[in-house]
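Notes to accompany the following structure.
Quick note on labels: first sequence line is chain A, next is B, and so on, each numbered from 1.
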Protein chains: 2
Amino acid sequence: MADSADTPRAAGSPAPAAPGGPPPRYGTRPTMKDVAARAGVGLKTVSRVVNGEPGVTPDTERRVQEAITALGFRRNDSARILRKGRTASVGLVLEDLADPFYAPLNRAVEEVARRHGALLINGSSAEDAERERELALAFCARRVDGLIVIPAGGDHRYLEPEIAAGVATVFVDRPAGLIDADAVLSDSFGGAREGVAHLIAHGHRRIGFIGDQPRIHTAAERLRGYRAAMADASLPVDESWVSLGSTAPERVRAEAERMLAGPRPVTALFTGNNRVTVTALRVTARLPRPVALVGFDDLELADLLSPGVTVVAQDAARLGRTAAELLFRRLEGAGEAPRRVELPTRLIVRGSGELPPAGD
Amino acid sequence: MADSADTPRAAGSPAPAAPGGPPPRYGTRPTMKDVAARAGVGLKTVSRVVNGEPGVTPDTERRVQEAITALGFRRNDSARILRKGRTASVGLVLEDLADPFYAPLNRAVEEVARRHGALLINGSSAEDAERERELALAFCARRVDGLIVIPAGGDHRYLEPEIAAGVATVFVDRPAGLIDADAVLSDSFGGAREGVAHLIAHGHRRIGFIGDQPRIHTAAERLRGYRAAMADASLPVDESWVSLGSTAPERVRAEAERMLAGPRPVTALFTGNNRVTVTALRVTARLPRPVALVGFDDLELADLLSPGVTVVAQDAARLGRTAAELLFRRLEGAGEAPRRVELPTRLIVRGSGELPPAGD
DNA sequence: TAGAGCCTGGACAACGTTGTCAAGCACGGC
DNA sequence: GCCGTGCTTGACAACGTTGTCCAGGCTCTA
């Protein structure tokens, strides 16, 4: 009846007054009901076709498919999610989407999610605990199946109800604060210790350490690695050689210049992450003679500088991949106790770490 | 009432019968109904509290809040979205989340979305048209309010029903194929022309061009810019100096080596994007004498190489910001015809582009 | 003191989908 | 000729939220 198949697209029936009073609907799109009406079949049959369920005759299926294309129908996944419970999506809270260190991690997580048929929602905390919280909880409200978090804050008890409710949660790069949860980390302590030991092996005694804010776990661990390496070699540490704080270029620049000046300057620098390393390199490049430097995190083009930059590299993609795989294993029901996975770092020798002490 | 608020967390509280009687539901999350029962109020009142709507006495509000915390309730946004029609989320399809060029773009989009209270869903097309399509349509099924796409494919007619249904759509970095839609681009043609002219001004006559696949709009435009600059100076172009194709290091390396060898090698290279530039730099770094080079896209550390790398820089963050702002303007109802915004590029002179021709 | 108005709270019907269940039908075996 | 069997199909009730609308109870005024 009146199924004249010439309605060009007209998704929503214009009938304005339903008894319950429809709320103002913005993009009215065709629904399965519209498709069913047009194809002259039942609602459930459309659902079956859309989901590739068996039990539909080729002829019926064709009619439905035609109606779908004609109307430009696309299944509303919000409704589907509501009905099914699972969303096939994971949330990733990281520190800065634009940071070259986190970008490959992001990509690796996406890749694993894709293999599992899940979409990725993400956001940057900008190293702000409150924003991390907002993001993570917003993702939970969207009912992500799982959550991967690079912690900015130090207290993750706010996630307890979510985890209890079944949101698989894995922390990456830094451990969770005040709750027991899965975590995938790099060996910051061991990596820094190895990097600093490398400088010591090349004759350095006065080594500066510039790192991120001390409340950040990796920064603290790397400093601990620095101290361990110095202690291993029985070298004293003058506290003026150690500087933790913001990685803003101005601060790093000032600290590097301070350490490299004066009557007894440091002869080498160990820099605590990629952002610090870049700024430190800009400082040392201006000096009359090169300064030995080892940085945590690899840098693109590090091999092309002269000397090449010796770094302690983490495998960011592997961090992400490992975390995501752990997450999906949890989702598939692995109910063991929370695990902490620690991935090794790798010292990449390129020249800057092998320079001898300058005027010593 | 036995509202003792001492239930530690217990999402599905095992206590079967509180006076209002929270239904003992296992494996599920508490809903507004549960909260209402526990607080001894109606469903809509809970909704009002959760959404900060007026018309609730402080006392009632407190009771509801207590129930919310006690049960660990979190609003189910899928249901909310289903009811309200708007999802407060935008989808971003880019080429590679891990590419240092796209990461800031991603971040900029996120930032604008955040300012508008929207979440960001994203994915990498890996330069594969089919995957771009899958992602974009999956986002549409999630009923994103808007879509930002860095096209991989050349035919976007598949998005027509979505756009007609009200999904605001903006293309970035490259224009849409076969449909009329908003696009935010960099001036690839002008940028390349300027970069190549710069080399010509420094005495080069034989200049190689290595770029991305010719089907990619930016690659084609940059090649066009190269040819225009050569034509402007009345210089002939030997087709062996031009190479478009995959940006895989092996190919780029081979092409660069080929162009720089032989009896009449090119004396300078213009590289079509950041990935090509990096590989080309690795090749030229091994040569006995430096080769003049200008690259499209800026690189981190480009200033620290010697010589510094002269580049034609695009402002990726600005691309993202502009696109996202345009998107939200559309969402707020700006119904003008699709626009094409073109952002200028900037030549950053650092040394590599000013080297004179070698053995000419 | 009664009537009018305001404020709070709750019942109910959507939103678009999927799971359950039963009806309708053709076919084949006894 | 009858009934069971297998298949396709559709009616209906959820899922958890929000918009509408109405019922009380309260205050304020005449």
Salt bridge (charged side-chain N to carboxylate O under 4.0 Å, His left out) partners for Arg80(B), two or more places apart: none
Which residues share a salt bridge (charged side-chain N to carboxylate O under 4.0 Å, His left out) with Glu66(A), sequence neighbours left out: Arg62(A)
Of all pairs that satisfy side-chain hydrogen bond (donor to acceptor under 3.5 Å, both in side chains), the ones with a partner from residues 141-153 of chain B, not counting sequence neighbours: Thr87(B)-Asp145(B)
Sidechain N-carboxylate O distance under 4.0 Å for Glu111(A), Arg131(B): yes
Residues that Glu132(A) engages under salt bridge (charged side-chain N to carboxylate O under 4.0 Å, His left out), provided they are two or more places apart: none
Of all pairs that satisfy side-chain hydrogen bond (donor to acceptor under 3.5 Å, both in side chains), the ones with a partner from residues 326-336 of chain A, not counting sequence neighbours: Asp182(A)-Arg330(A)
Whole-Å gap separating P (dA11(C)) and NZ (Lys33(B)): 12 Å
Qualifying residues under side-chain contact (heavy atoms from CB on, under 4.5 Å), relative to Ser124(A), sequence neighbours excluded: Leu94(A), Asp96(A), Leu97(A), Arg107(B), Glu110(B)
Arg321(B): side-chain contact (heavy atoms from CB on, under 4.5 Å) partners, not counting sequence neighbours: Ala108(B), Val112(B), Ala317(B), Arg318(B), Glu325(B)
Nearest-Å distance for atom pair CG/P, residues Leu43(B) and dC12(C): 12 Å
Gap between atoms CG and C1', on Asp34(A) and dT17(C) respectively (whole Å): 13 Å
Atom-pair distance (NZ on Lys44(B); P on dC7(C)), nearest Å: 17 Å
Integer-rounded Å distance: dT8(D) C1' and Arg62(A) CZ: 16 Å
Spacing of Met32(B) atom CE relative to dG9(C) atom P, expressed in whole Å: 16 Å
Sequence-distant partners of Phe328(B), ring-ring contact (aromatic ring centres under 6.0 Å, His included), two or more places apart: His116(B)
Neighbours of DNA chain D within residues 47-58 of chain B, by heavy-atom distance under 4.0 Å: Ser47(B), Asn51(B), Glu53(B)
Close approaches to DNA chain D from residues 73-86 of chain A, in residue order (heavy atom, under 4.0 Å): Leu82(A), Arg83(A)
Thr45(A) vs dT9(D): side-chain N/O to OP1/OP2 distance below 4.0 Å: no
Five-pair end axes of the helix from dT1(C)-dA30(D) to dC30(C)-dG1(D), angle between them (10°): 50°
Test: Arg63(A) and Asp59(A) ion pair at under 4.0 Å: yes
Where at least one partner belongs to residues 165-179 of chain B, residue pairs that pass side-chain hydrogen bond (donor to acceptor under 3.5 Å, both in side chains), sequence neighbours excluded: Tyr102(B)-Asp173(B), Tyr102(B)-Arg174(B), Glu127(B)-Arg174(B)
